[in-house]
Amino acid sequence: MKQIVIATKNKGKANEFKSFFSKENIEALSLLDLNFELPDVEETGQTFEENAALKAEEICHLLKKPVLSDDSGLVIDALNGRPGIYSARYAGEEKDDKANVQKVLEEMENVPENQRTARFVCVLAIARPGENTIFKKGFCEGKIATSATGEYGFGYDPIFIPDGYSRTMAELQPDEKNRISHRKNAIDQLEEWIHSM
Ligand SMILES: O=c1[nH]c(=O)c2ncn([C@@H]3O[C@H](COP(=O)(O)OP(=O)(O)OP(=O)(O)O)[C@@H](O)[C@H]3O)c2[nH]1
Ligand SMILES: [Mg+2]
C-alpha cells in the first residue's frame with residue numbers, strides 16, 4: 001500500500017487524514033506513528049501558509065520524502081479573527097482543547113446571535129525534496145454556539161455550528177464532519193496530486 005507522511009502530532013487531525021486517504025488506498029502516517037523522535041517544529045509564522053510550510057518542509061528535509069502538513073484554526077469575526085493561527089495554544093502553551101473552548105465562550109458571552117459568525121480554515125502544504133511546496137486552502141463557515149455540546153471531533157468542534165446545521169460539529173458523526181469540513185474542502189483540491197502519487 002502507498003504511504004504518505006503527515007507532519008502532525010495532533011491525533012484528531014491524524015484520524016481525519018487516515019479516513020480521507022484510506023478511501024484512496026493510501027496509508028496516512030502521522031508523526032505519532034513513526035518509530036523515531038522528530039522535533040516539534042516551531043510555528044513562528046504569521047499566517048497559516050507560513051506555519052504549514054515550516055512543518056512540511058522541516059519534516060521533508062529530515063525524511064527526504066514528500067510530506068503533507070496541515071495548519072488550521074478557527075477565525076471568529078467578533079474577535080477580529082482570533083484565535084486564528086493561535087488556535088491550538090489560545091489559552092496557553094499546553095494546548096488544552098477544553099481551556100481553549102472555555103476562553104472563547106467567555107470572550108463571546110455578550111455577543112448577539114447575528115454577530116457570532118466564524119469559519120474554520122485549513123491550509124495544507126506538500127513539501128517535496130527539490131521541488132516547490134504546494135498549498136491548498138479550505139474553509140467551513142458557521143457560527144459559535146453559546147455552550148459546548150457533543151463528543152466527536154476535537155478542538156473547537158463542540159462550539160462550532162456549521163452553516164445549514166442546528167447541531168455542533170462535535171455532534172455530527174465523524175463521516176458527516178469529514179464531508180463538510182475545512183480539511184475535506186482543502187483535501188479535495190489535492191485530488192490531482194494524490195492521483196499522481
Ligand atoms: O474543532 C476543531 N475542529 C477541527 O477540525 C480543527 N482543525 C483545527 N482546529 C483547531 O486549530 C488548532 C490547529 O493548530 P495547528 O494547526 O497548529 O495544529 P496542532 O498544533 O494541534 O497540531 P500540529 O499539526 O501542528 O502538530 C487545533 O489544535 C484546534 O484547536 C480545529 N478545531
Ligand atoms: Mg501546531
Side-chain angles (χ1 to χ4, degrees), residues 5-20 28-34 37-59 67-76 79 81-105 118-127 135-145 148-162 165 167-187:
V5 173
I6 319 286
T8 184
K9 292 185 178 177
N10 179 317
K11 206 161 195 283
K13 280 187 195 176
N15 286 337
E16 292 180 11
F17 282 111
K18 283 178 195 294
S19 163
F20 294 134
L29 298 170
S30 78
L31 303 186
L32 304 169
D33 300 319
L34 302 182
E37 270 299 300
L38 285 161
D40 280 324
V41 178
E42 258 201 276
E43 298 181 37
T44 53
Q46 295 302 308
T47 61
F48 292 112
E49 284 80 0
E50 282 172 22
N51 283 335
L54 286 169
K55 292 187 267 193
E57 288 170 7
E58 183 165 337
I59 304 299
V67 169
L68 173 68
S69 74
D70 166 315
D71 201 63
S72 45
L74 179 62
V75 173
I76 303 176
L79 302 181
R82 293 196 315 274
I85 61 166
Y86 303 106
S87 292
R89 40 199 155 125
Y90 196 43
E93 282 304 321
E94 57 286 348
K95 294 193 186 175
D96 179 337
D97 282 351
K98 282 216 165 71
N100 289 338
V101 161
Q102 202 47 46
K103 181 168 176 179
V104 167
L105 283 177
R119 65 210 51 78
F120 274 128
V121 179
C122 172
V123 170
L124 300 180
I126 295 181
F135 297 93
K136 299 292 174 193
K137 194 170 197 168
F139 299 91
C140 180
E141 297 286 336
K143 59 181 189 294
I144 303 302
T149 38
E151 299 298 324
Y152 298 113
F154 67 97
Y156 298 91
D157 284 337
I159 56 166
F160 185 82
I161 303 172
Y165 288 78
R167 290 170 298 159
T168 69
M169 199 79 124
E171 293 178 286
L172 303 183
Q173 295 290 328
D175 275 354
E176 194 162 1
K177 174 182 176 183
N178 288 343
R179 274 198 293 277
I180 63 163
S181 76
H182 47 313
R183 194 158 288 110
K184 161 70 172 165
N185 184 224
I187 210 155

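The basis for the numbers below is simple: all heavy atoms, side chains too, and nothing from hydrogens, waters or symmetry mates. By convention here, the first residue in the shown sequence is residue 1. If you're wondering where the values come from, they're calculated on a predicted model, not measured in any experiment. For ligands, and for the atoms within them, numbers begin at 1 and follow the listed sequence.
Put simply, the side chain of Tyr156 gets close to the backbone of Ser87: a donor and an acceptor are under 3.5 Å apart. Judged by distance alone, with hydrogens and angles left aside, the side-chain atoms of Asn15 form no donor-acceptor pair with the main-chain N or O of Gly12 at under 3.5 Å.
Distances from ligand 1 to the non-hydrogen atoms of Ser181 include no value under 4.0 Å. Ligand 1 has Lys95 within reach: a non-hydrogen atom of the residue lies less than 4.0 Å from it. Using a 4.0 Å heavy-atom cutoff, Leu74 is absent from the residues neighbouring ligand 1. Contact analysis puts Lys177 in contact with ligand 1, with a non-hydrogen atom separation below 4.0 angstrom. In this structure, Phe154 counts as a contact residue of ligand 1, since one of its heavy atoms falls inside 4.0 Å of the ligand.
In terms of N/O distances under 3.5 Å, ligand 1 is not approached by Asp97. In terms of N/O distances under 3.5 Å, ligand 1 is approached by Lys55. Close N/O approach between Asn100 and ligand 1 is not found [any backbone or side-chain N/O within under 3.5 Å].
Contacts between Met169 and ligand 1 below 4.0 angstrom, taking non-hydrogen atoms only, are absent altogether. With a 4.0 Å cut-off on non-hydrogen atoms, Arg89 does not touch ligand 1 at all.
Considering only heavy atoms from C-beta on, Arg183 comes within 4.5 Å of Phe20 through its side chain.
The aromatic rings of Phe120 and His182 sit parallel to each other, their planes meeting at less than 30°, with 60° as the upper class boundary.
Counting heavy atoms of neighbouring residues, nucleotides and ligands inside a 6.0 Å radius, atom CD of Glu94 exceeds 12 of them. Within a 6.0 Å radius of CZ in Phe139, more than 12 heavy atoms belonging to other residues, nucleotides or ligands are found.
Taking 2.8 Å as the threshold, Asp71 does not count as a candidate ligand of the Mg ion (ligand 2), since none of its N, O or S atoms lies below it.
Considering just the N/O/S atoms of Glu43, the one nearest the Mg ion (ligand 2) carries the name OE2.
Between the side chains of Asp70 and Ser72, at least one donor-acceptor pair of N or O atoms lies under 3.5 Å.
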